[in-house]
Every structure is written in C-alpha cells, then in structure tokens.
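Only a predicted model underlies this, so the values are computations on that prediction, with no experimental measurement involved. Atoms within each ligand, like the ligands themselves, are counted from 1 in listed order.
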Amino acid sequence: MNFADLARELDALRAGTIDAIAGAPDTAALQALEVDALGKKGALTAILRGIGGLPPEDRPRVGAVANTVRTAIESALAVRRTSLGDVELAARLARETVDVTLPGRPIRRGSLHPSIEAMTEIARIFEQFGFVVHESPEIEDDLTNFQMLNIPPDHPARDLWDTLYVDVPDRLLRTHTSPGQIRVMQAMKPPIRALLPGRCFRYESVDASHGFEFFQVEGLMVDEGTTLADLKGLLDQFAQAMFGSGKRTRFRPGYYPFTEPSVAFDVECLVCGGPGCPACGRSGWMTILGAGMVHPVVLQYGGLDPERYQGFAFGMGPERISMLKHGISDLRLFMENDVRFLESFR
Ligand code: DAH
C-alpha cells in the first residue's frame, strides 16, 4: 500500500457511502450506514489501519484525506437525517390524527340506590312529625332480636322470622329492625319518637316478593297517654304524604308478639283506587306496614313502667313502599343493581 492506494480507497468509501445515504429509506437504515462507515469497527477505521505501512511523511496526508472523507459523510448523514425525519414526522402525524371535534365519551352520573331513596323519603316525612333517626346494630343477639320482643325460645312465632346465625347460636343477623326499639328505650327516657331504618336479613328463598336481605324502617313512639288513635292519625298522615292526599286508609287486625293490639295498615289500591284489580288481589286495598301498641312486656324490657307509659310501633319495608308507589312488580330488581333499573330512579 502506498499513499495513492489509500487515498483511492478512502475516496471510494466516501462516494459509496454518500450514494447509500442518499438512497436510505429511513432513519434506522441511516444509523446502520453510519456505524458501518464511521463506527469503531467500521470501514474508515479498517482503511486507516494501513497507515502503519506508509513512510512517516505520508501519514499526515492520509490523515487529512480521512478527515475530509469523515466530514463529507457526516454532513451527508445530517442532511439526509433531517429530510427523512421530516417525512417520518409527517407520516406519524397523519397516522395519529385526532379529530378534536368528536364529542367526548359521556361520564355516567351515579345516584342514590332506590332502597336508600325510599328510606330517605320515609324519614323526611316522619321527621316532620318530630321523629329522630337512630341506628341499631345489624348483628344482634337472640335476647334483643327475639326474647325482649316477647318472642321466647321455642315460641311458634319464631317461624315468622327464619334466622341467619353468625357463629354462635346467640349471635344472629337481625331479622327485623324491631330490636332497635329495645335499644332506644334502654338508652333514652320518654317522650320517645324514634325512627330506625336499616338492613335486615332472613333465611329465605328469593322470589318476586322475598329477599334474604332487605331494608326496614321501624318507628317507635312512647309517652304518657299515647293511644292507638295517635298511631292511626300518624300513619294516615304518612300515607297522604307518601302516596298523595285524599287516599283512604284503614286498620285491620293483625298479629305480632311485640304489640297488643296489632294491626295491618292498608292504603286504597294505588292502581284501581278501590273497586279491585289484579294489583290488589281484587280487594281494593294494599297493605303497607304492620303496627300496634307496644306490648307491656316489651316496655318493661326497655326499662319503662307500662303503668305510666304507653307506646306504639310500626315497621315497614321501604322496597315494598317503593314498589307500590312506582308499580314495580319484582323485589329482586332492588338487589340486582342493573343500571337500567337504577337509572330509572334518577
Ligand atoms: N318487625 C315486623 C316484621 O319484621 C314488622 C313490625 C310489625 C314492626 C309491627 C313493628 C310492629 O314495630 O309494631 O315483620
């Protein structure tokens, strides 16, 4: 090798690489060309290895030629990189175009569950009569859920409440909100006007009118001289507020161990208004709750003297009230949480 040979090789490298750069299809190909020509193990380095065989005075001359070749290749790379970059950017922008005029995705707005909605509505009405909302535990003991409500162990009335027990026989999921009556009486002195909304549980097979989990709203009033007439007047007012004024209501005899006398409270059929139709079983009436005068034994368990105090109590299912009011025929809708049902209450 002499100077002329090396200079020719360098020139060939320059010309070949610059041609290839001009034809490179994308920036990745450019990168590969740069490595091949100018990289540590690239063609330029390989040619310069031949420099050792030259006379010392020729070596700087080769170095000078090599530098011009390197500069020429680098500037060709820079030019091509810019133009390819522009093309690639334009292609990417075209591919990822966003139509900013498209309407956005709607955000679904939540709302209170219909059961909660119904309980709230019931509470708002009774609050106007001076009732105050109290809470009572969902896990109860046998004593408060049954015995203090005048339902002893082995009493046949226990058949009315199929019970879910927690772990020990004495601990259970409350089958109704009535044990809250005992807790309220034990905690405060008359006059008492308490409302106890809450979740209840029963060992039931689920159908259109039974759930194993549902809500109740319990009411309790205790004072000196409270009568069944007070109860009747209050519930009548409640029915007018809930279902519309002018609705006829009635008491029927009923049975609950914790009230004496016990009644069922009916409102005129909300569908036919009286003559009878399939919705009311052709009776013209719909039962909306159970109620009665608090049994003296229950007052005593509550720590109150039944000679001095009288009280009334009532218990209703908010889902049932909501079903009657809105013409819903299946209780299970309240548990399934199908958004189409939930949204219809918004
Ligand atoms: N606890 C009853 C039930 O679960 C409902 C009830 C009836 C509550 C009469 C009362 C009442 O306070 O007086 O079916």
| query | Would you call Asp141-Arg171 a salt bridge at under 4.0 Å N-O? | reply | no
| query | Relative to the heavy atoms of Gly292, which atoms of ligand 1 are at a distance of less than 4.0 Å? | reply | 13 (O)
| field | Asp142 versus Gln147, side-chain donor and acceptor atoms under 3.5 Å | value | yes
| message | Among all protein heavy atoms in this structure, tell me which lies nearest to atom 4 (O) of ligand 1, with the distance rounded to 0.1 Å. | response | Arg202 NH2, 2.8 Å
| remark: Under 4.0 Å between heavy atoms, the region of Ser178 that gets near ligand 1 turns out to be side chain
| said: Using 30° and 60° as the class boundaries, would you call the ring planes of His326 and Phe345 parallel, tilted or perpendicular? | reply: perpendicular
| task | Would you mind checking which non-hydrogen protein atom is closest to atom 12 (O) of ligand 1, with the distance to 0.1 Å? | result | Glu218 OE2, 2.6 Å
| Atoms in ligand 1 with a heavy atom of Thr259 nearer than 4.0 Å | 13 (O)
| remark: Tightest non-hydrogen contact, residues Leu299 and Tyr309, listed as CD1-O, 3.4 Å
| field | For Ala313, the ligand 1 atoms whose distance to one of its heavy atoms is below 4.0 Å | value | 12 (O), 13 (O)
| field | Electrostatic pair Arg81:Glu34 at N-O distance under 4.0 angstrom | value | yes
| task | Below 4.0 angstrom from a heavy atom of Gln181, which ligand 1 atoms are there? Numbered from 1 as shown, please. | result | 12 (O)
| message | As a test of understanding, state which of Phe341, Phe214, Phe215 forms a ring pair (Phe, Tyr, Trp, His ring centres under 6.0 Å) with Phe334. | response | Phe341
| task | Note the single closest protein heavy atom to atom 2 (C) of ligand 1, along with its residue, its atom name and the distance in Å. | result | Phe258 CZ, 3.8 Å
| Strictly by modelled atom types, are Gln181 and Glu218 linked by a side-chain donor-acceptor pair under 3.5 Å? | yes
| For atom 5 (C) of ligand 1, which candidate among Cys200, Ala264, Gly315 provides the closest heavy atom? | Gly315
| request: Classify the contact between His295 and ligand 1 as side chain, backbone, both or neither, using a heavy-atom distance cut-off of under 4.0 Å. | output: neither
| Atoms in ligand 1 flagged as close to Gln216, the criterion being non-hydrogen separation under 4.0 Å | 3 (C), 4 (O)
| said: For Ile21, run the side chain to side chain contact (heavy atoms under 4.5 Å, CB included) check against Val79, Leu77, Leu84 and tell me which one passes. | reply: Leu77
